[in-house]
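The figures here come from the full heavy-atom set of this structure, side chains too, leaving out hydrogens, waters and symmetry mates. Proteins get letters first, then strands, A, B, ... in listed order; numbering begins at 1 in each.
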Amino acid sequence: MDSSSLFLPEILLIASIMAIPALHIFTENRRSYSICSNVSLVGAFIFLVLSWYYPDSLSMDRDVSTYIFYDHFKVDAFSQLFKIVFVLTALIVSLVSTSYFDESEPHQPEYFTLLLSSTLGMMVTASANDFLTLFVGIEISAFSSYAMVAFRKKDDKSTEAGAKYLLIGAFSSALTLYGISLIYAITGFLTFDGVNSFMDGINNGVVDGDFSEVIFISCLFIMAGLGFKIAVVPFHAWAPDVYEGAPTPVTTLLAAASKAMGFVAVFRVFVFALDSVYEEWELILGIIALASMTVGNLAAISQNDIGRMLAYSSIAQAGYIMIAIPALTSEAMSGAIAHTLVHAFMKGGAFVVVGCVGAVGLGYSLDSYKGLAKRSQLLALAMTVCLLSLVGIPPFAGFISKFFLFYGTLKAGMAGNSWLIILVIGGVLNSALSLYYYLKIMRYMYLYDPEGSEDIEFPNTVRYISLGVILLLAVFFPLYWESLFELCKEASAALMG
Amino acid sequence: MIEPINFMIFSSILLLIGAYGVIRNKNSIVVLMSVEIMLTAANVNFIAFSSYYNDLTGQIVALFITTIAAAEVAIGLAILLSLFKQRDTIELDLLDRLRW
Amino acid sequence: MRLFFALILAALLLPAVSGEDHTVLVSQSADGSSYYFEPEVLNIEVGDNVTFVWLNGSHNVVQSSDSASNVYLAGGFSSGVPQVGGNWSLPSDYTSQDSTLYYICEPHATMQMKGSIIVGTGEVPLPEISMEFGNFPWLSYLLVFPLIGALWTFGFRDSPHAPRIIALFTTLFTLIISFIVFFKTGSKSGYSLMEEYVWAPNFGISLLLGVDGLSSPMVLLTGIIGPLTVIFAWHEKEKPALFFALLLVMQTALFGVFITLDYFVFYVFWEIVLIPMFFLIAIWGGENRRYASIKFFIYTFTASVIMLVGFMALYFETGAETFSMIEIAKQNGNFSESFQIWVFAALFIGFAVKIPSVPWHTWLPDAHVEAPTAGSILLAGVMLKMGLYGLIRAALPVAPLGAEYFVPVMVVLAIVSILYGAALSLGQTDLKKLVAYSSVSHMGVALLGVATMTELGLAGAVFMMFAHGILSPAMFMVAGVLLHQVGTRDIPKLGGLAKHQPNTAGVFVVIFMGSLGLPGMAVFVAELSVFIAFFESHGYWLILPIFGMVLTAGYHLWALQRAIFGEDSEQIDIKNVHEAPWYEMYPMFAIIVLAVLFGIFPHYLMDPITVACYDILNFMGVA
């Protein structure tokens, strides 16, 4: 087969994006939209997994990257791994949405179209091989999610969150773009390979001239822009508002997939394209990492809305992941990739439970979690597993990925970059700090009696999904963590070239 | 011929104007317009260095950005419109249902 | 006949004494331009003799630390002041094992008058550790059976009786296995019954199981406490299935901590212990349980993540891509002193919170007071031992210099713990709180034993862990019985119980006596060993811990006198006080039997412990 068939997962999504509005003309049955979206996502997922295990039949080589579309689109282990995560998260969101929105909810075909186009944008970002494709991918995903956040036009929280997300997002992407334009101004290249070799040239003395200030400024701009996407301090202010205001399935997508996409972009730009000028940016990233984990955890403690609390916890988690980037070793990067992956599942899982509790009418404040264990053991257990995983308590998946992360960074730190040790110790102490508010939720779920009736029917889809999340985080990853690490190592090798 | 550094100075002035507009303005529409100015700043850089390096990539990027900006404004206005329908205002200071 | 033996003995000894003779010439060139030993490097076998012969010039032969050093190594061999002519034989001690000896001539060392003798391979042999892999997976059974039991109870979660019967059955079974493990280990040096299951080869992590004389008493302790807890909680009404399942999961995790020899797996088990304990306190605890459970979790978790950083630092410093405690401890000679100090500090914080040592003890009284009795039993009986066990197993062998550096700190913390714990116990009215503070005091004694860094002190500390591990659960059982039968455990409200429940009160008295360190019971043996060791290493500072013991006797007897004897109390319904039921009496009685048994025949425990402590000190290069 031609190697451009590697674009097939994206084509499946595009087909579905076009099919759903068309379906809307013929039928009013809302099931058909979700089925259409699920089918295309499952198809994309199967294709990605197959392309991972049988690369030969697709003229793809897992060890080297395959380029299509005149080198603008790069398919390698890194991109495939993250595409699998995006598709899987979108599938979960798509499944949850069916039970979250009831019959009377208007504009459902548009919702699924937007969901798929957002996923498409993420997949394009994962495969981007130049700054333009990266930017376009991020924007496709971002525009769709602006609309999704503001999707409930009658709910003023939702619209307000959408407006805020849009304005801040537009501002941040303008900053990123200006940073990119500066990179183009210095190097004359937009492809990652071109920029990378130019920067190597500066280091080797092949290229004349001192660009360090301009590079510093452009790194600052790009980091500011991408920092909004991954919600790190000081670009985090939108996250709690948007996570609280958006419909919860959309929040799930933002917290799980959109954040991972931000990290994909950060990895591609800083770890691959700009890695030889790390002296310019390593300190900024280190400070941002330390600040976001501390601020995120401290702010989370006093939150009363579960969405806001999890949003701050997301900010802290982004801080943990960031510490690996200045380390720039393959081990640290595989740790960061592993934690990004696992974070998508544990945050996604937590928000699935949140959405379900909200959808049955219990509300979104911490108080509504009182006695959840008495109402549904399964949901409480799923939430507990996700939370313990977020803290990083063995043997759950979060501990393993966090261990990889700290392991790789500490190794780099002890090998010479000794200030990284401070970041690791900061991360470790922050994990202990974060325990407090995660335990608070667990305490509410298990130790208090529910307010109001105990008999509440939770939708079956959510129960299956939460069972899946429990199995994934508490059984599958801990048992097969060596293979998880292998995957991430392969991805980081592909990423770092 | 104008030196490329002049374009850079020009674009950074544009960027600062745009950023100032975003930060200081209370009106969402003006904020959106300021963001467009910031995008233009980037465009100036791209086009100037495209001609400096004699490389078409920059100009293609500029075309892309123009399209993206249009899409952004479309979505932005749509969201602001539905906000206006609910609240009769699009002043940023009055968006306080959620804490900033 | 006697002649025959003498001949055999001589034949055996002959090879040992008849080593080859070597000569080293000590000389200088006639014009004084060069000074040399001839040969400069001498290769000999173990047991050979070396004689230095002076040719000309005035020289001496003294040992130096390495080939670059120009000065005498204190304590090494020396031929005395420079001499002219004559000869000198190297004492045979120096050639009795593989090593490399460097020596110099003191007046001419700066003129490169140096030499070396390579004995055998030239490498100082590491202390041999026997690692005996078992042919039957006893240790895996210890880990797996309680887990199976826990799942099993969940199968019968609606039945009122099934969970406790299953739990009792499972714990009795693991008790049998732990007895087998204890006796199979015996007092051999090194690790027995080892098993290895590779988990993550990339990181060098494997489930490496093994027991020695240090862990086998702890395994036995965990095994003993298991069924006692279950029997004592026989009438648990609230969610019995979950309760017993958590107890069993806890047992697996505790066994895991005590039998694993891999730092990573050790950490994993260490953290898993927290989860069931958190729920035990949080769901079945007293009024203030929410605060207590969270405080408990956060204190210990914070400490243990710091410990994890220490483990990882050790892993990277070793560079051998292994988390095996044995392999890392073998490398302790390569760790620089400052590294050892930092690592020991990190590990010590992790362990000291669990011990708990003042000033990190404040979680303990809260947790104890709020925990259900069964939880307190596990907490005081086994969980507190994890701290000292970890200190001896995981911190001392890898960072001997760090440990030495922190000896004063440990001594001060231990003495403060003893005195402060005892003083606070004096002021408590709640019996559970009294026992909690007395735990701080008792574990202080054990920490003091570790701080002496002698065989006797370490052994005393481990013995204390075992003795306190059986007696403090008994004290909590007393508190539990009082709460059930009398309705309060507030000491001032009690009084005159001896008249109304004579048998139970008798048991109480014996338990109190055991806990205060009555000769003939287990705690006394431990305290005596620790104090003798401490006197040998620190002299008359012993007066401070002894004073702590006086306070200990004071608060035990005072509490006993107020609660059990004296006038009938007005504040309780004294007429309705009856003897404790069988399921509360039997566990206490079993503990008394054990405490007396190990008090009168301490060597059953002391022998394996002493051997293991000797091994550990050997690793540290102290013995």
Pick one of side chain, backbone, both or neither for C/F269, based on which atoms fall under 4.5 Å of a heavy atom in chain A.
neither
Close side-chain approach of C/M250 to C/L246, heavy-atom, < 4.5 Å
no
Contact part of C/I275 toward chain A, heavy-atom cut-off under 4.5 Å: side chain, backbone, both or neither?
side chain
May I have a table of the donor-acceptor pairs connecting chain C and chain A at distances under 3.5 Å?
{"residue": "C/N202", "atom": "N", "partner": "A/E482", "partner atom": "OE2", "Å": "3.0"}
{"residue": "C/N202", "atom": "ND2", "partner": "A/E482", "partner atom": "OE2", "Å": "2.8"}
{"residue": "C/N202", "atom": "ND2", "partner": "A/E486", "partner atom": "OE2", "Å": "2.5"}
{"residue": "C/R290", "atom": "NH2", "partner": "A/L447", "partner atom": "O", "Å": "2.9"}
{"residue": "C/Y315", "atom": "OH", "partner": "A/Y407", "partner atom": "OH", "Å": "3.3"}

Report yes if some heavy atom in the side chain of C/V265 is under 4.5 Å from a heavy atom in the side chain of C/I205; otherwise report no.
yes
Which bit of A/F406 comes within less than 4.5 Å of chain C, counting heavy atoms only: side chain, backbone, both or neither?
both
List the steps and the verdict of side-chain contact (heavy atoms from CB on, under 4.5 Å) for C/L378 and C/L254.
CA-CA 10 Å; C/L378 273 176; C/L254 288 168; 4.2 Å; yes
Assess whether side-chain contact (heavy atoms from CB on, under 4.5 Å) is satisfied between A/L484 and A/F476, documenting all intermediate values.
CA-CA 10 Å; A/L484 173 71; A/F476 185 76; over 6 Å; no
Test side-chain contact (heavy atoms from CB on, under 4.5 Å) on C/R393 and C/L261 and set out the steps.
CA-CA 9 Å; C/R393 161 77 73 222; C/L261 294 173; 3.9 Å; yes
By a 4.5 Å heavy-atom criterion (distance strictly below it), what part of C/F339 contacts chain A: side chain, backbone, both, or neither?
side chain
Contacting moiety of A/L433, where chain C heavy atoms sit under 4.5 Å:
neither
Parallel, tilted or perpendicular for C/F351 and C/F266, by the 30°/60° rule?
perpendicular
Under 6.0 Å between the ring centres of C/F323 and C/F203?
no
Determine yes or no for a side-chain-to-main-chain donor-acceptor pair under 3.5 angstrom, with C/E195 supplying the side chain and C/L139 the backbone.
yes
When heavy-atom pairs shorter than 4.5 Å are enumerated against chain A, which of C/V268, C/L308, C/I306 gives the highest number?
C/V268
With a 6.0 Å cut-off on ring centres, are A/F477 and A/F403 close enough?
no
Side chain, backbone, both or neither: which part of C/A313 has a non-hydrogen atom closer than 4.5 Å to chain A?
both
